[in-house]
Structures are given as C-alpha cells and as structure tokens.
There are 2 protein chains.
Amino acid sequence: MRITIADIAKKANVSKMTVSRVINGRGYVAPKTAEKIKKIIDELGYQPNLIARSLVSKSTKIIGVIIPKVEHLFLDNYIAQILSGITDEALKKDYRIILIPVEYSDKSEDKYIKIVKNRLLDGMILLKTIIDDPGIAPLSETQFPFVLVNHKRYSKKINFVDSKNIRGAELAVEHLYSKGYRKIACIAGSLHETNGKDRLRGYLKKLEDLGLEKRDEWIVFGEFRKSVAYHECEKLFKAKILPDAVFCADDYSAIALIEKIKERKLRVPEDIGVVGFDDIELAEYVKPSLTTIRQPLIELGISAAKILFDLIEETRKPPIHKLLNVELIQREST
Amino acid sequence: MRITIADIAKKANVSKMTVSRVINGRGYVAPKTAEKIKKIIDELGYQPNLIARSLVSKSTKIIGVIIPKVEHLFLDNYIAQILSGITDEALKKDYRIILIPVEYSDKSEDKYIKIVKNRLLDGMILLKTIIDDPGIAPLSETQFPFVLVNHKRYSKKINFVDSKNIRGAELAVEHLYSKGYRKIACIAGSLHETNGKDRLRGYLKKLEDLGLEKRDEWIVFGEFRKSVAYHECEKLFKAKILPDAVFCADDYSAIALIEKIKERKLRVPEDIGVVGFDDIELAEYVKPSLTTIRQPLIELGISAAKILFDLIEETRKPPIHKLLNVELIQREST
DNA sequence: CTGAAAGCGCTAACAT
DNA sequence: ATGTTAGCGCTTTCAG
C-alpha cells in the first residue's frame, strides 16, 4: 500500500491539512507537532504524489521540449547542444524536461494546443519549427508560456531566441573574400526555417556589397541534411563557371561537401575554400578542419530555458525576442 | 475556462460516464449518442486532462531516464546514442520520456524509490549507474519496472542490457597482437562501473592467454573522461619500458591519448597502436581515424526500452538480462 | 446501453 | 494553531 498524507495524519493524530502544511512549509504549525509529523514522514518513507498535487495546483514543474519526430534525433550534435543548454538550466531551477516528438508533416492548427490542454506541462520550448507551421499562431493566442529556438518571428505574442544568422552569413562571405576567393557559391539550408532563409539572405546581401558575382548555378539546397547536401552539391561541379569557395548554411552540409571535393581529387582550401555554420563538435575534427560560423548553441538552449522560466513565473511578459552573437572560427578549410 | 468531460456531458445531455466511454472506446454506447458526443468533443476542442486521468488510472505513459546530474551531458555522444535508441522505441509505443538527473554522489538508499513514489513514472531506465550505487537494491525490492543500461548485475530482481565488454576488450588485444604489437598498455575506464571493470578484466585475461607481459606501469585510469585520460596517460610515457600499443576503454580516452602522442611527436600507428571502445561518432573523423570496439549503443537504448515496456505491460517478468555483441572496427590507428 | 456515487491524493478557503 | 469542507477531472464500480 502506498503511503498517503492521510496515513501520516492518522498516525500523528492530526488532520491531513496540518500534514500538508508541514510538507509545504506554509502556514502555522506548532513546532512540536511539526516535529512529530516530520518524524512519521521519515519513518514511513512518505513521498508526495506529484500527480495528485498537480491536479489541484495546476503546475507540474515539467517543461516540454518539442522536437520533430525523427529517428536518431540526438545524434544531431546541433540538437544535442541546444538540449544540453536547456537541461543545464532546468537543473538549476528544478524543472523536469519531457521530450515531445511531433509529426513534422502535421499541418493542424491545434497540434501544440492539444499538448497544452493535456495539462502536463508548465511551458514549452520548440525546436526546429518551420516558418509556415500552422500550429504556432493559435498557440500564441493562448496564455501558455513558450519559446521558439533558432526561429525568428517578430510578433507581440511570440517569444524566441535566435542567432544573428544574417550577420553570420555575411561574416562568412567577408572572410572568404578576404582570403582571396571571388567565386563564392552557397549550399543553402532549409528555406522552411527562418535561419535557413536568413543565412541565404546574408550571403546574397554580402555578395552584393562586395560587388561579387551572383549566379543561380552557384546556389544549391541542402535542407540542413547531410545526405541531401551531399547529393545536391554535385550540381556545383557542373556549373559553367566553377566556384572557388562555398559558404554552407550548416556544418553537416560543409562536411558532405568536403567529402565530395575529396572524391573529385580537388583540394580544400587550395582549390575550393569552405565555410560552415554552427560549429558542431565534428567541425574541429574533420580533415581539413572546418572554418565555420559559430553560433552559441548551448547558450541558445540556456537562454530559451531562462526566458521560459521567467514567463512561467511571470517575472517577464511576452514578447521576448533575443538574438545571440555569432563569430567566425577560422580553421584549415579556408 | 478549461473544457472538461462535464462540459461535454452537459451539452450532450448525458452523464460524464458516457462521455468517458466514448473517449476511451470502452463499454457500450449507442452509436447515435457516441456520434453526438464525438461531434461536441470536436466542436469544443476537448482534450483529456492527463493529470486527472493518471491520478485514477495509476499510469502516466511516461518513462523516466535517470542520468547523472552532469553539465553538458548530451554532448557525450555515448549518451546521445543510447538516448536516441530509447526515444526511437518510445515513439513507437507512444510513451513519453522525462529526463531525471540525479546527484552522482547521492549515497542514499531511497534515491530512486523517492522518484518512484512520486508516481509520475510508469518505469525507468538508468544510465551510467555505478557498481556500489546503494539505491539499486532497494529499488529492485519494489515491483517497479526498471532497466539498467550498460551495467551488468546478475540478480533475480534486476534487469539490464549490456554489451559483451569482456569479449570486446579481448578482441581489442587480439587485434593489436595480430598487428604485431607486443607491449600493450591500457587506459582503463571507471572501475565504479561494471563495463569499466569488465573491459579491464578482458584486457588482462587476453594478455595472459597470449603470454604477453603485464606491467602495472602500463595501466592508467582514465575514468571514462577525456580530460582525466589526457592527464593520466602521461604516465605511460614515463614507464621504464615504453608500450607500443594502448587499449583504451573508451573512445574519448583514445582520442585524448592520440592528442598526447602527437604532442610528443610520435606516430600512430607506427610508434604506438591505439584501439578505443564504443565507436562514437568522432572515432571515424579523428586523425588517424580510430580503430575501436563498436558496441551497438543505439541498439542498447532500443533494447532497454523494449524490455521496459514489456515489464510495464507485464508481458515479461524479471529478471531479464541481455548482452549485445560487439565488433572490431578497424581504422587507421592500428 | 446509461447513470449515480465514490474516490484517486492533494490543497485552497474558510472555519474554529 | 489546527480542522472541515469542497473540489481538481477523471475512472471504477455497481445499479438500473
């Protein structure tokens, strides 16, 4: 049999309420009775039933991390880093994290609202949401606390933490330029995500600023996926005018590209310079090591969690929009 | 105002019970009433309150993954892979995963029991538990479903999934031997974990079988931590007789060792052969790429989750002890 | 096929 | 300083 507050109360000859007061340290209880009750709690090894407590308190101290329902998600170092930041912060605030995989292709407007209504969460952090996700607007109409990560969306009711993606792409192109490259191609990321779009925009903008040539055949779409990038970057080698450098919207794509370049017996950085984006763990280890735009992924997670907790505890109100700085990490690939 | 089952009932002119029956698809309800109720549910956007449901059903469809309370845990590719396996399987069975960090140094006997009593979980998977963890025995005395991962403990009340660590270590030494190495050292893992102990045992056993020399100065302790291994492996270079190969109980230690070897201007594999253990993502990318004993980490997670779900659904009973095969992956470091 | 009553374990609000 | 009542939203049990 499970020990409940009632068992404690009976044994201590008090009411359940007094026990509850002792457990929560709220309200007045005579030191003596408190002492007695505490002793019995220890003896019986009582632990509060969180479910019962949540049913009345309406709070669970659990936050949900919404992730796309994809196999082997944690093998993506990008996700692992962000999640690491979130858990680190949750630890400090004594919140638990529950992982909620949602179907990427689910186009329903209530996909997130359903989760909210289940009442299991105090708040949620959404990872890798797409631009036209129909679930976000309805969610923002509720009062439920949530934060988007690496997704930029200016709205009075939406909170997000993102990196300066446009700036990052500009930095990358600038760097390639300073290294003497002039024919700069791009493996773009997913245009369904704001960061994918922003990085492409930054690339194009900087080409213009520097008066560099823009060519459609120099832009391919890797969708932030290594296998896609590996396949698509093939097109760059079939261009009428061969690029001498490539800005990749993420490191996995850059790694795929380097593999392809090697297969073609070309050299990095001599024949083709490569810059990535993110600074995942591998970036430092691939050969040649990868010059990349570092975005502070762990910080992104920490920041999102902090904002979420502020929202939950109502110490801050929406909208909270935060952009973190990026920096160029020069390695061997340029 | 939140929509509850009572609202639906009132609007449909039925009792709460009938609504409940429709929602759960249990018991008889006239097709017509069912239809009507379903329609109202849709209209009002009703979603069941999981908390309330759990309070009575005693089941939450949530499993806990117990992890040591360590910063940046997910950056450890070993953890990330196992977790990936667990989530993949949980997805299929429609269970949610909650992360429960526990203090590594907590020596209390009720550290896990407390969590169980909170009634938030249907079962749990424990990662990186130590041999003398005082919390495990008491937990096993309850009927609560749980599985240890990469921890071998034969007991009628304990379930685990582990790799064949002893065999793996033997494979590694055999391989080094076949490559002509004769002075084989070892960076051992944490002896607080069964897999650390087993790998050391396999190493020693195989040295004996092959009639190779054993020297205390050829064994250092890396505790499964790169920074520790990096520091400790220094001792190997101060040995009276220098080893010509090193079996490392984990890949991070092997990577640390390779860094150290390079700093000393020695060559891998010519001067020193190196074998790792785990086959983390990096193993393939470091230079030289790492020969290692691959343990199926994702499978380990999948397997643990499968067993746990069987335990929860009572289709199997403890004890369930499972050992997965390991294999040698030859790369450039030997 | 449907409903009424009771209760899961806890806390808020109001007594005393 | 402590107790009583009521109720969170749901399901189980038993009765019709």
Original post:
Taking only side-chain nitrogens and oxygens of A:Ser20, does any of them come within less than 4.0 Å of OP1 or OP2 of C:dT11?
Top reply: yes
Original post:
For A:Arg119, which contact category applies under a 4.0 Å heavy-atom criterion: base, sugar-phosphate, or nothing?
Top reply: nothing
**OP:** Between B:Asn13 and A:Ser57, name the one whose nearest nucleotide on DNA chain C is closer to the 5' end.
**Re:** B:Asn13
Original post:
D:dT4 C1' sits how many Å from A:Lys16 NZ, rounded?
Top reply: 10 Å
Subject >> B:Pro31 side chain, from C-beta outward: closest of C:dG3, C:dC10, C:dC1 >> reply: C:dC1
Original post:
How many Å lie between CG on A:Asn24 and P on C:dT11, as a whole number?
Top reply: 5 Å
Subject >> Whole-Å distance separating the CZ atom of B:Arg21 from the P atom of D:dT12 >> reply: 10 Å
**OP:** Considering just the side-chain nitrogens and oxygens of A:Asn49, establish if one lies under 4.0 Å of OP1 or OP2 belonging to C:dC8.
**Re:** no
Original post:
A:Thr4 has a side chain; which of C:dT2, D:dT2, C:dG9 sits nearest to it?
Top reply: C:dG9
Original post:
Under the criterion salt bridge (charged side-chain N to carboxylate O under 4.0 Å, His left out), which of A:Lys306, A:Lys61, A:Lys93 is the partner of A:Glu313?
Top reply: A:Lys93
Subject >> Atom pair CD1/NZ of B:Ile307 and B:Lys322 - distance to nearest 0.5 Å >> reply: 5.5 Å
**OP:** Let me know the distance between CG of A:Leu55 and C1' of C:dG7, rounded to the nearest Å.
**Re:** 12 Å
**OP:** Report the residue from A:Ile8, A:Ile5, A:Val29 that forms a side-chain contact (heavy atoms from CB on, under 4.5 Å) with A:Thr18.
**Re:** A:Val29
Original post:
Does C:dA12 have OP1 or OP2 sitting under 4.0 Å from an N or O in the side chain of A:Arg26?
Top reply: yes
Original post:
Taking the nucleotide of DNA chain D with the closest heavy atom to each, which residue, B:Val56 or A:Met17, is nearer the 5' end?
Top reply: A:Met17
Original post:
Tell me: CG of B:Leu120 to C1' of C:dC10, nearest whole Å?
Top reply: 15 Å
**OP:** Kindly say if A:Tyr28 contacts the phosphate of C:dT16, meaning a side-chain N or O under 4.0 Å from OP1 or OP2.
**Re:** no
Subject >> For atom NZ of B:Lys32 and atom P of C:dT2, their distance in whole Å >> reply: 11 Å
**OP:** Give one of base, sugar-phosphate or nothing for A:Ser54, where a contact means two heavy atoms less than 4.0 Å apart.
**Re:** nothing
Original post:
Rounded to whole angstroms, how far apart are CG on B:Leu50 and P on D:dC10?
Top reply: 10 Å
Subject >> Inter-residue atom distance B:Asp122.CG - B:Leu308.CG, 0.5 Å rounding >> reply: 8.5 Å
Original post:
Between B:Lys111 and B:Glu103, is there a side-chain N and carboxylate O pair less than 4.0 Å apart?
Top reply: no
**OP:** Compare side-chain N and O positions of A:Arg53 against OP1 and OP2 of C:dT11 and report whether any pair is under 4.0 Å apart.
**Re:** yes
Subject >> Centroid separation B:Phe160 to B:His151 less than 6.0 Å >> reply: no
Subject >> Short side-chain N/O contact from B:Thr18 to OP1 or OP2 of C:dT2, under 4.0 Å >> reply: no
**OP:** Examine D:dT2: is either OP1 or OP2 under 4.0 Å from a nitrogen or oxygen in the side chain of A:Thr33? Give yes or no.
**Re:** yes
Original post:
Which part of the nucleic acid, if any, lies within reach of A:Lys58 when heavy atoms closer than 4.0 Å are counted: base, sugar-phosphate only, or nothing?
Top reply: sugar-phosphate
Original post:
Can you check the A:Asp7 CG to C:dG9 P distance for me, whole Å?
Top reply: 9 Å
**OP:** Check whether any side-chain N or O of B:Ser15 sits under 4.0 Å from OP1 or OP2 of C:dG3, and answer yes or no.
**Re:** yes
